[in-house]
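I have placed the structure first, in the form of C-alpha cells, so that the comments after it can refer back to it.
All residue numbers refer to positions in the sequence shown, counting from 1. In what follows, every heavy atom counts, from backbone to side chain, and hydrogens, waters and symmetry copies are set aside. Each ligand, and each atom within it, is numbered from 1 in the order the structure gives.
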Amino acid sequence: MAQLEQIAAPGSEWWRSAVIYQIYPRSFADASGDGIGDLPGITSRLDSLKELGVDAIWLSPFMTSPQRDAGYDVADYRDVDPLFGTLADFDRMLEESHARGIRVIVDLVPNHSSDQHVWFQEALKAGPGSPERARYVFRDGRGKNGELPPNNWESVFGGGMWERVTEADGTPGQWYLHIFDATQPDFDWTNEEVKEEFRSILRFWLDRGVDGFRVDVAHGMVKEAGLPDYAPVADADSMGGGEENVPYWGQDAVHDIYRDWHKVLAEYDGDRALCGEAWLPTLKKTALWVRPDEMHQTFNFPYLMTPWDAKALGDVIRESLDEFGAVGAPSTWVLSNHDVVRHATRLALTDENPQGEGIGPNTPNKPDTKIGLARARAATTLMLALPGSAYLYQGEELGLPEAMEIPDEFRQDPTWFRTNGERYGRDGCRVPLPWEADAPAFGFNETGLSWLPQPSDWAAYSRDTEEGDPLSTLSLYKELLAARREHGFGAGSLVWEDAGKDAVAFRRGDVHVIANLGTKPLALPAGATVVLKSQPFGGADLPVDTTVWYTTA
Ligand code: BGC
C-alpha cells in the first residue's frame, strides 16, 4: 500500500474525488489470445492507465461463471473464471495496480447467482419447503395446477420473470424468480444465511486487498412483501430508472443490507468503499443509498440519462450537488458504462432509445458520429471540472463510438435472445479495445480473435494512433485528468455563472468552465485566456458542442 498513500493518506476518503476507470475484462486486453480479455492482459496494460492519470479501476466480474450474462451470473464468488486467469493472476494485477498508485474495485453481484451456483443446484434437488430453496425466491404457481407464474412481473431482459422447475420426481414444480435471465435466480435477502454468506464474500476480497466494491443491482435485492402484480409502462428503461413504486426496485429494506456492509468495510483500514449500481427515478431517492452509514458512492444515472440540452444538464448538475450534498456524500458523474450506448454515440441520438435497446444494423436514423464525438468531448470536458468522483468507461478516452453494425450472428447479450431480436441490447458498447492500428485485433491480443467483431475503421481510434496526436481524444483526456488534479477540482464547490440559455457555465476558483449546447457560437468574455478546450477552434467565439476552461486577466 506504500505507493497509494502518496495520493491519499488513510482516512482521506479518496473516493470522494477519485476518477475511477471501468475495465470490462472481456474486452480490455487478451494475454491468452483466446479472443476474450483476461487478468494478465489487464496487468500488461496498467502503464497505459497510469499514463492516463486515473486514481482507481473498477473491474466488471471475472469470477467463476458460465458467462450467460457476461460474468454477471456468478457460480463461485471466491474464485476466478479460467477464462480470465487464476486467483494468483488477480493478486498480481492488484499488486501491480497498487504499485502504480491505482486502487482496485471489484464487482459484487448479490442480487442473483448463476443457476450453476452450488446453492441453486442444491435448491433444485432439495424440493419445496426446504432450507435450500429458501435461499432463493421459489413460489408455487397460480392456476389450477400451478401452471401460471406466481405474478406478472417481466424480466429486465424480456419475457417473464419466473421459470418453472421440474421436481426430482419428474413432475412440473415450483417457479423461481429471476429479474434478469432465467440462468440468474434471485437470492432471498430476507434469509439470514444469504446475509452471512455475503459478509463472508466481502471479507474474502477485502482480505486480498481490494479497495472496494461496485454493487450490482443495488436497488433490486429486496422485493415488496407478497410480490404484488406490476407491469412497467411501455418503453420503460429496462433497469428501472424511470418509475416510482416498482415492487422489485428500491425497496426500503435494502438499506439495512448496506448498513450492515458498511460496518464490515469499516473493520478494514485503508478507506474501503462501496459504490451502488442503483437505477432510481429521482436523485432524492438515489441519495438515500449514500447516507453516512450506508454506501460511500452511488452511480448518478439521472445525470448519465440527461440528453444534450443546456437546461436539462444544468438542472441535473444542480440537483445532484444539492441532493448528495444534503446527505454529506460526494456526487458521482458518469457518462458511459457496459450497459448503455456509448456517449460518443448516445449524445447525437435523434430518436428515443431506452436503456437496453441498443443500436444495430436495422436501427433507423443512426446518430452522426462526428456530432456525437464533439458532444462527448464537450460533455467530458465539463464533467471532469465538476466536484465529486467521476467514472470513465474503457474506450471513451479513445472517443470510441458504439459499434452499430454488429451482425446478428455475433450477438451475445441475453436481451437480444429473450426479446427475439426486438432489442439489440448492449453488445455495441462492449467490443474489444483497439490498442495498435496495425496489429491483429488492433492489438487486443496477438491472435486476431475477438469475442465480438471490431469495426474495420477502428484503427483510427487505436491508442498508438491517438498517442501521437495532440488533438486526439486520448490527448484531451490526459490533459483533462492532469488539469483536474492540478486544480483540485474533485473537491470543493462551484459557483454558477449565467451565459445564456444555451450554455452551462460555472467557475471553479479562477477557472471558468463553459459548454455551448446550442446551435450558434457563443462569444467568450473579452480577455478570456483558454486553458483547455474540448476541440480546436480559432477566434473569440465558442463553437457549438464545445466546452472550454478559461481564465480572465
Ligand atoms: C449489470 C448488467 C447485468 C445486470 C444483471 C447490471 O446492472 O451492470 O451488465 O446484466 O446487472 O446482473
Looking at His112, which atoms of ligand 1 are within less than 4.0 Å of one of its heavy atoms?
-> 5 (C), 12 (O)

How does Arg214 reach ligand 1, by side chain, by backbone, by both or by neither, if only non-hydrogen atoms under 4.0 Å count?
-> side chain

Could you tell me whether Arg199 sits above the aromatic face of Trp261, with NZ or CZ closer than 6.0 angstrom to the six-membered ring centre and within 45 degrees of the axis?
-> no

Give the residue and atom name of whichever protein heavy atom lies nearest to atom 7 (O) of ligand 1, and the separation in Å to one decimal.
-> Glu277 OE2, 2.5 Å

Please identify which atoms of ligand 1 are closer than 4.0 Å to at least one heavy atom of Val217.
-> 7 (O), 11 (O)

At what distance is the nearest protein heavy atom to atom 9 (O) of ligand 1, and which residue and atom is it?
-> Asp339 OD1, 2.7 Å

Kindly confirm or rule out a cation-pi arrangement of Arg139 over Trp175, judged by NZ or CZ under 6.0 Å from the six-membered ring centre and within 45° of its axis?
-> no

Between Asp216 and Asn111, is any side-chain donor less than 3.5 angstrom from a side-chain acceptor?
-> no

Check ligand 1 against Phe157 and write out every atom of the ligand that is under 4.0 Å from a heavy-atom position of the residue.
-> 10 (O)

Report yes or no: is the cationic atom of Arg418 (NZ for Lys, CZ for Arg) closer than 6.0 Å to the six-membered ring centre of Phe157, at no more than 45° off its axis?
-> no

Ligand 1 to Arg430, heavy atom cutoff 4.0 Å, flagged ligand atoms 9 (O)

For this output row, return yes or no: ring centroids of Phe213 and Trp58 closer than 6.0 angstrom.
-> no

Do the side-chain N and O atoms of Gln297 and Ser389 include a donor-acceptor pair separated by under 3.5 angstrom?
-> yes

Where ligand 1 meets Arg426 - atom numbers and elements under 4.0 angstrom, heavy-atom basis | 2 (C), 3 (C), 9 (O), 10 (O)

At a 4.0 Å cut-off, with the gap strictly under it, does some heavy atom of His178 reach an atom of ligand 1?
-> no

Tyr72 vs His338 aromatic rings, parallel, tilted or perpendicular, using cut-offs 30° and 60°?
-> parallel

Protein heavy-atom partner closest to atom 10 (O) of ligand 1 - residue, atom, separation in Å | Asp69 OD2, 2.6 Å

Is there a nitrogen or oxygen of Asp216 sitting under 3.5 Å from a nitrogen or oxygen of ligand 1?
-> yes

Assess the side chains of Thr286 and His219: does a donor N or O sit below 3.5 Å from an acceptor N or O?
-> no

Side chain, backbone, both or neither: which part of Phe180 comes within less than 4.0 Å of ligand 1 when only heavy atoms are counted?
-> side chain

